[in-house]
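Atoms within a ligand are numbered from 1 in the order they appear, just like the ligands themselves. Every value quoted in this text rests on a predicted model; they were computed, and no experiment measured them.
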Amino acid sequence: MRGLNPGLSFICRTTDWGLHKFDSSSFYLIINLWVRDMECEEGGEDTMEEPLFILPSGEVYRNPTEVKMSQIVLPCHANHCGELSVGQLLKWMDSTACLSAERHAGSPCITASVDDIHFEHTIAVGQVVNIKAKVNRAFTSSMEVGISVSCEDLYSDSQWNVCNAFATFVTRRTEAGKVQLKQVIPQTQGEQMEYSIAAERRRMRLIHAEIITDLLSSSTAQLGECQEYQDAVSAERTRVESVELVLPPHANHQVSTFGGQIMAWMENVATISACRLCNAHPTLRSIDMFHFRGPSHIGDRLVLKAIVNNAFKHSMEVGVCAEAYQGAGALRHINSAFMTFEVLDKGGKPRTLPRIRPEPVDGYRRYKEAIARKKIRLDRKYIISCKQTEVPLSVPWDISNQMYLSYNNVSALKIMAAQGNWMLSSEKNKVSLYTLEENQILCFKVETDVNVPAEQVFHLLSDLRRRQEWDNHYQQCDVIIQADEDDTLYRVATPCVSKGGKGQDFILLASRRKPCDSRDPYVIALRSVTLPTHPATEEYTRGEVLCAGFSILEESSGVTKISYYNQATPGVLPYISNDIAGLSSSFYGTFQSCSKYLEENKDSIAALPPSEV
Ligand SMILES: CCCC(=O)SCCNC(=O)CCNC(=O)[C@H](O)C(C)(C)COP(=O)(O)OP(=O)(O)OC[C@H]1O[C@@H](n2cnc3c(N)ncnc32)[C@H](O)[C@@H]1OP(=O)(O)O
């Protein structure tokens with residue numbers, strides 16, 4: 001039963017609403033879900049496949065935008081080590097994703113960007129590459145396409161994941177102007193989840209360049225002088241410049257330069273550059289976002305430049321840039337990316353790399369920026385790539401991981417909200433309490449309708465300082481840092497629940513999001529973070545929240561559904577006591593005072609100028 005003692009009674013300490021308890025029906029639910037979870041793992045099911053979804057007509061549902069490509073890796077697709085060249089893989093990924101985008105749009109589409117990609121495995125000649133792409137969400141003229149790549153060994157009948165990527169495609173403008181794409185209607189739970197998180201990924205994508213620039217300028221300023229290493233390789237030695245004439249075979253079906261071909265050329269020069277540092281075969285591990293800044297056409301000369309920006313113990317960062325010109329025309333910036341390489345020994349372990357000696361001025365800048373980007377990448381890996389259950393409760397917050405922490409905060413809440421197997425536990429005065437256990441985490445959802453427009457509910461609930469006005473579990477709430485317009489760090493203190501005991505305090509990151517379109521809810525996500533300026537004190541027990549928050553959706557004019565979510569982690573489950581009545585009455589009481597407060601104050605919120613709502 002994985003740490004669960006059926007004889008124990010349970011008390012769950014949730015962030016906001018004090019101590020809550022469960023009854024035996026909840027306990028039965030927890031056990032059942034746990035057992036189901038274990039059976040899945042032991043059965044060794046293919047985790048890459050979504051379960052079949054049967055339509056009311058009895059037919060098996062298949063996403064209408066889904067496109068699949070399978071390719072046997074031949075020697076002509078491979079490098080001299082017999083591994084599929086990543087450039088070739090990028091071409092196949094781009095084509096598959098473009099066909100999916102065009103299936104949704106019904107018109108020609110171009111690649112605008114491809115988010116960061118991390119390659120888990122190399123693929124050998126003779127193995128099969130299976131690529132699957134589908135449109136997760138359409139915005140105005142752009143859409144996010146999710147791409148999954150797996151490798152299949154036909155002789156051993158085994159499959160494994162190679163990478164996942166998200167690409168943004170844009171429909172070509174017509175003479176009438178920008179095209180408005182039709183919406184994607186998610187059908188399965190997986191599609192619902194991707195649809196919901198796509199909005200958050202888009203937000204991050206569009207601010208990515210600006211945020212990274214700010215981060216680099218603040219963090220490189222803190223770095224001291226470059227370290228001098230004996231036997232370091234001069235960065236100049238790794239510089240590569242190569243030109244390609246864009247010929248008809250390099251064009252896509254719309255007669256502009258095929259995006260996959262540009263990425264493949266970039267990967268080629270980056271590999272040469274990496275090889276010059278280590279004099280060995282480098283393996284590409286990850287690529288930081290490709291952004292296609294402008295088009296290129298047949299007859300263009302594409303100038304590709306690469307250089308090793310910095311080499312660390314086991315990895316190096318190569319900067320690559322693609323520029324185009326026609327005849328005597330000026331250079332146009334087409335694309336830039338950063339690629340991380342490793343050199344593997346015979347046992348597949350990363351080898352120690354030679355260090356780099358940068359050139360003065362620009363070389364130093366690139367060297368320092370590579371250190372800052374490495375930290376950002378590690379933070380990203382730690383926060384985003386970890387499974388939710390592996391992320392420690394409180395992650396240290398700092399300016400360099402702010403973007404990924406707030407992404408993680410919002411997406412974790414959206415993932416919880418998109419779960420389809422919530423079970424109604426109890427209902428009272430139109431407030432419903434649901435429970436769900438996933439991956440050893442017990443989740444709660446409390447839902448009610450209020451006669452207040454969603455925007456006003458959002459305004460009131462997203463300022464945690466105002467919560468004391470309706471929630472007596474919030475004793476004190478102060479803003480510590482206003483990270484940006486939508487992300488705030490608070491310290492919240494709650495009163496003690498037992499006689500003579502201590503109160504609890506929390507350091508919370510609150511991330512608020514307005515809807516991307518009318519089908520989206522307003523979201524207020526909360527999670528614990530740690531801040532060196534706010535350590536735990538003697539006076540309070542430091543409490544932690546893995547994932548909590550509100551989803552606020554206007555169902556009809558002036559009627560809004562408020563859903564409050566919270567998670568209890570395995571760590572607190574053993575302390576949970578067997579009394580759902582306590583849990584329910586606390587949730588009901590708090591929710592009712594919240595609804596009452598909203599309805600009483602809606603006029604004062606409505607009177608606020610639009611900029612403040
Ligand atoms: C067979 C594979 C397909 C191919 O080979 S395509 C060839 C390679 N790709 C290219 O040549 C594209 C070159 N880039 C361009 O033409 C332009 O930059 C591009 C993508 C049209 C965007 O131009 P803009 O002037 O920014 O146009 P816009 O402001 O109206 O925006 C249009 C929609 O694009 C989105 N967008 C712009 N930059 C982005 C980015 N970095 N990442 C993700 N999305 C991005 C933007 O949000 C807008 O979306 P929406 O219309 O609001 O839904």
Original post:
Salt bridge check: are Arg293 and Glu323 linked by an N-O gap of less than 4.0 Å?
Top reply: no
Original post:
Side chains of Ile212 and Phe338: does their closest heavy-atom pair fall under 4.5 Å?
Top reply: no
**OP:** Indicate yes or no: does Asp94 engage Lys91 in a salt bridge with an N to O separation below 4.0 Å.
**Re:** no
Subject >> Heavy-atom pair with the smallest gap, counting every atom of Ala306 and Val320 >> reply: CB-CG1, 4.2 Å
Output, or 'none' if empty, a list of ligand 1-protein atom pairs in which both atoms are N or O and the distance is under 3.5 Å, rounded to 0.1 Å.
residue	atom	partner	partner atom	Å
ligand 1	5 (O)	Asn252	ND2	2.9
ligand 1	5 (O)	Gly259	N	2.7
ligand 1	9 (N)	Thr111	O	2.9
ligand 1	14 (N)	Phe292	O	3.0
ligand 1	18 (O)	Phe292	O	3.3
ligand 1	18 (O)	Arg293	O	3.2
ligand 1	30 (O)	Arg173	NH2	3.0
ligand 1	41 (N)	His291	NE2	3.3
ligand 1	42 (N)	Ser113	OG	3.0
ligand 1	49 (O)	Ser142	OG	3.0
ligand 1	51 (O)	Ser141	N	2.9
ligand 1	51 (O)	Ser141	OG	2.6
ligand 1	51 (O)	Lys178	NZ	3.1
ligand 1	52 (O)	Arg202	NH2	2.8
ligand 1	53 (O)	Thr140	N	2.8
ligand 1	53 (O)	Ser141	N	3.1
ligand 1	53 (O)	Ser142	N	3.0
ligand 1	53 (O)	Ser142	OG	2.7

**OP:** Sequence neighbours left out, what passes side chain to side chain donor-acceptor pair (under 3.5 Å) with Glu66? Give chain and number order.
**Re:** Arg62
Original post:
Hey, are Lys134 and Glu191 close enough for a salt bridge, meaning a charged N less than 4.0 Å from a carboxylate O?
Top reply: no
